[in-house]
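Nothing here was measured: the structure is a model prediction, and the numbers come from that model.
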Amino acid sequence: MTRRYDAIVLGLGGMGSATAFHLARRGWRVLGLERFDVVHSFGSSHGLTRIIRLAYSEHPSYVPLLRRSYELWHELERLDGRALLFITGNLEGGLAEGDVFLGALHAAQLHELPHEVLSGQEVAGRWPAYHLPQDARVVFQPHGGFLASEDCILAHVRQAQAHDAELHWRERVLEWGPLDDGVWVRTERERYEGQRLVIAAGSWAGKLVPRLVAVAVPERQVLAWLQPTRPELFRHGTFPVFYLQVDEGRYYGLPEWGIPGFKFGRYHHLEERVDPDSMDREPNDRDEAVLRSFAGRYFPEACGPTVALKACLFTNTPDEHFILDLHPDLPQVSIAAGFSGHGYKFCSVVGEIMADLAIHGRTEHDIGLFRLSRFGL
């Protein structure tokens with residue numbers, strides 16, 4: 001007999017685990033399906049930490065979602081009894097006329113966020129690890145920090161299971177389709193049915209929803225951890241997270257935590273579009289050289305031996321904004337995709353939004369920026 005659920009969630013990474021939790025806590029019978037392990041290195045959530053920041057240069061409409069995201073992360077910490085969000089302060093900017101600095105300043109002013117505008121010289125005076133040009137301009141926002149990304153997934157998993165969600169790992173979905181009263185899903189093991197389907201499959205979204213192929217494009221990303229020559233400058237408590245736009249591109253970085261080293265990456269790295277099932281997951285000399293060149297110029301005291309290099313995935317939309325919407329033809333199916341390298345911090349609120357869409361077909365959160373219709377879909 002086919003097993004039936006109120007909702008089936010495809011993907012149990014950052015977004016899917018949060019969605020399973022929010023559905024289960026509302027009393028829905030939830031099945032979550034994940035093709036890999038409970039935490040794994042094939043998607044977009046590994047590498048221990050992810051930045052969270054409020055003065056959001058990408059678009060000011062993210063800020064209300066971020067405020068709710070902070071609330072939900074702190075709630076999850078209380079429920080799970082573990083620290084998940086660590087405040088360090090955040091520096092966002094770089095080029096004085098760049099869209100990162102101007103966007104962050106606009107968001108901070110529009111939403112009346114506590115912030116300071118600092119020059120490169122002022123940054124170095126406070127945080128000597130930074131060696132930005134004197135004419136650089138950054139927005140310092142004291143509430144920025146980082147999330148323990150894999151711990152957050154595990155916390156959402158534990159809390160979903162505490163509310164009787166049924167979660168399966170190492171079970172690949174082969175196909176799915178609509179029913180008159182819901183959906184069906186076939187995996188390598190079984191066939192399931194549900195009233196609602198939530199697709200939160202990361203870089204595999206286009207393989208599960210073919211019409212997303214052109215608007216949710218996987219990209220290879222590489223992160224580095226370097227051993228500082230002055231480690232005291234890069235420790236949690238003395239080093240704020242950053243998102244910087246410099247002559248070489250856009251970069252982000254975090255203090256030492258978990259792995260002994262300064263963690264950072266280049267946004268969009270080498271701009272390599274990939275198939276997530278066949279991408280090169282082993283970082284190479286070129287990957288390392290690009291990253292060490294940046295560190296050598298702007299963080300010279302970080303340029304000791306390379307501690308680790310890890311490949312992960314971005315899934316980019318054409319405008320680099322998310323996809324949070326109902327399927328254009330199947331209102332019983334909702335989609336979370338295309339987080340474009342800056343989505344992890346929103347997992348907690350995206351879980352709430354996707355639960356709203358599954359249960360009610362709508363949400364009180366403003367998700368107008370994230371509708372599929374902007375792509376003509």
Side-chain angles (χ1 to χ4, degrees), residues 11-22 34 36 38-59 62-63 65-74 76-77 82-88 90 92 143-157 200-205 216 218-223 241-243 250-255 257-259 263-269 276 310-317 320-324 336-354 370:
L12 291 173
M15 304 300 177
S17 62
T19 300
F21 163 61
H22 280 280
E34 168 60 56
F36 301 114
V38 61
V39 290
H40 59 84
S41 60
F42 297 102
S44 304
S45 301
H46 57 287
L48 298 175
T49 55
R50 291 293 184 276
I51 288 173
I52 187 166
R53 51 196 168 90
L54 262 178
Y56 216 67
S57 58
E58 285 81 353
H59 197 283
Y62 283 98
V63 174
L65 295 179
L66 278 163
R67 284 178 162 148
R68 179 59 176 158
S69 184
Y70 273 82
E71 292 174 356
L72 290 170
W73 286 124
H74 287 312
L76 184 63
E77 287 180 315
R82 293 168 174 82
L84 301 171
L85 194 163
F86 301 85
I87 298 300
T88 65
N90 173 63
E92 194 162 350
H143 296 124
F146 65 88
L147 294 157
S149 54
E150 289 150 312
D151 290 345
C152 290
I153 291 173
L154 293 172
H156 274 134
V157 162
S203 288
W204 287 263
E219 179 184 48
R220 181 176 178 270
Q221 183 73 9
V222 174
L223 301 168
V241 301
F242 67 80
Y243 177 38
R250 291 181 287 164
Y251 292 77
Y252 53 93
L254 308 95
W257 193 85
I259 291 177
K263 176 185 176 182
F264 66 103
R266 183 177 191 264
Y267 207 71
H268 296 309
H269 194 52
K310 292 184 182 292
C312 68
L313 284 160
F314 283 5
T315 307
N316 302 314
T317 63
E320 296 192 1
H321 298 310
F322 309 159
I323 296 169
L324 302 173
F339 292 99
S340 302
H342 64 106
Y344 191 92
K345 61 187 72 67
F346 296 90
C347 287
S348 58
V349 71
V350 167
E352 184 172 70
I353 289 167
M354 299 314 292
F370 311 123

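Looking at Ser69, its side chain never comes within 3.5 Å of a backbone N or O of Arg67 through a donor-acceptor pair. Counting only distance, with no hydrogens or angles, the side chain of Glu77 and the backbone of Leu85 share a donor-acceptor pair below 3.5 Å. Side-chain N or O atoms of Thr315 include none that pairs as donor or acceptor with a backbone N or O of Pro218 at under 3.5 Å. Ser340 contributes a side-chain N or O that, together with a main-chain N or O of Thr317, makes up a donor-acceptor pair within less than 3.5 Å. Remark: the backbone N or O of Leu48 is paired with a side-chain donor or acceptor of Glu150 at under 3.5 angstrom. Put simply, the side chain of Ser203 never gets that close to the backbone of Leu313: no donor and acceptor are under 3.5 Å apart. Lys263 contributes no side-chain N or O that, together with a main-chain N or O of Leu223, makes up a donor-acceptor pair within less than 3.5 Å.
A heavy-atom distance below 4.5 Å is not found between the side chains of Tyr267 and Tyr251. Counting heavy atoms from C-beta on, the side chains of Tyr344 and Thr49 never come closer than 4.5 Å. For the pair Pro255/Val241, a side-chain contact is recorded, criterion being any heavy-atom separation below 4.5 Å from C-beta on. Looking at heavy atoms from C-beta onward, His22 lies in side-chain contact with Leu72 at the 4.5 angstrom threshold. Counting only heavy atoms from C-beta outward, the side chains of Ile52 and Tyr70 approach each other to under 4.5 Å. For the pair Tyr252/Phe264, no side-chain contact is recorded, criterion being any heavy-atom separation below 4.5 Å from C-beta on. The side-chain heavy atoms of Val39 and His46, taken from C-beta on, include no pair separated by under 4.5 Å. Side-chain contact check for Glu34 versus His40: some heavy-atom pair is nearer than 4.5 Å.
Looking at every heavy atom in both residues, Gly343 comes nearest to Phe322 through CA-CZ, 3.7 Å. In terms of heavy-atom proximity, Gly43 sits nearest to Cys312 at O-CB, 3.6 Å. Nearest heavy atoms, Ile153 versus Ser45: CD1-CB, 3.6 Å. Summarising the geometry of Glu352 relative to Arg68, their closest heavy-atom pair is OE2-NH2, 2.7 Å, with the distance given to 0.1 Å. Minimum heavy-atom separation, Leu12 to Ala20: CD2-CB, 4.3 Å.
Between Arg250 and Tyr243, the side chains place a donor N or O and an acceptor N or O closer than 3.5 Å (distance only, hydrogens not considered). No side-chain donor from either of His59 and Glu320 sits under 3.5 Å from a side-chain acceptor of the other.
To the nearest 0.5 Å, the span separating OG on Ser149 from NZ on Lys345 amounts to 12.0 Å. Note that CG of Leu254 and CZ of Phe242 are 7.5 Å apart. Values are rounded to the nearest 0.5 Å. Atoms CG and CZ, from Leu76 and Phe21 in turn, are 6.0 Å apart once rounded to the nearest 0.5 Å. Separation of atoms CD (Gln221) and CD (Glu219) is listed at 6.5 Å; rounding is to 0.5 Å. Note that CD of Glu71 is 9.5 Å distant from OG of Ser348, once rounded to the nearest 0.5 Å.
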Determine, stepwise, if the pair Thr19 / Ile353 fulfils side-chain contact (heavy atoms from CB on, under 4.5 Å).
-> CA-CA 8 Å; Thr19 300; Ile353 289 167; over 6 Å; no
Dump the intermediate steps for side-chain contact (heavy atoms from CB on, under 4.5 Å) on His268 and Asn316, then the final yes or no.
-> CA-CA 9 Å; His268 296 309; Asn316 302 314; 3.4 Å; yes
Given side-chain contact (heavy atoms from CB on, under 4.5 Å), test Trp73 with Cys347 step by step and report yes or no.
-> CA-CA 9 Å; Trp73 286 124; Cys347 287; 3.7 Å; yes
After noting the C-alpha distance and the side-chain angles of Phe36 and Trp204, does the key distance pass the ring pair (Phe, Tyr, Trp, His ring centres under 6.0 Å) rule?
-> CA-CA 12 Å; Phe36 301 114; Trp204 287 263; 5.5 Å; yes
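Under the side-chain hydrogen bond (donor to acceptor under 3.5 Å, both in side chains) criterion, Tyr62 pairs with His321, not counting sequence neighbours. Here Arg220 pairs with Glu272, Asp287 under the salt bridge (charged side-chain N to carboxylate O under 4.0 Å, His left out) rule; sequence neighbours left out.
In this structure, Phe346 has its ring center closer than 6.0 angstrom to the ring center of Tyr56.
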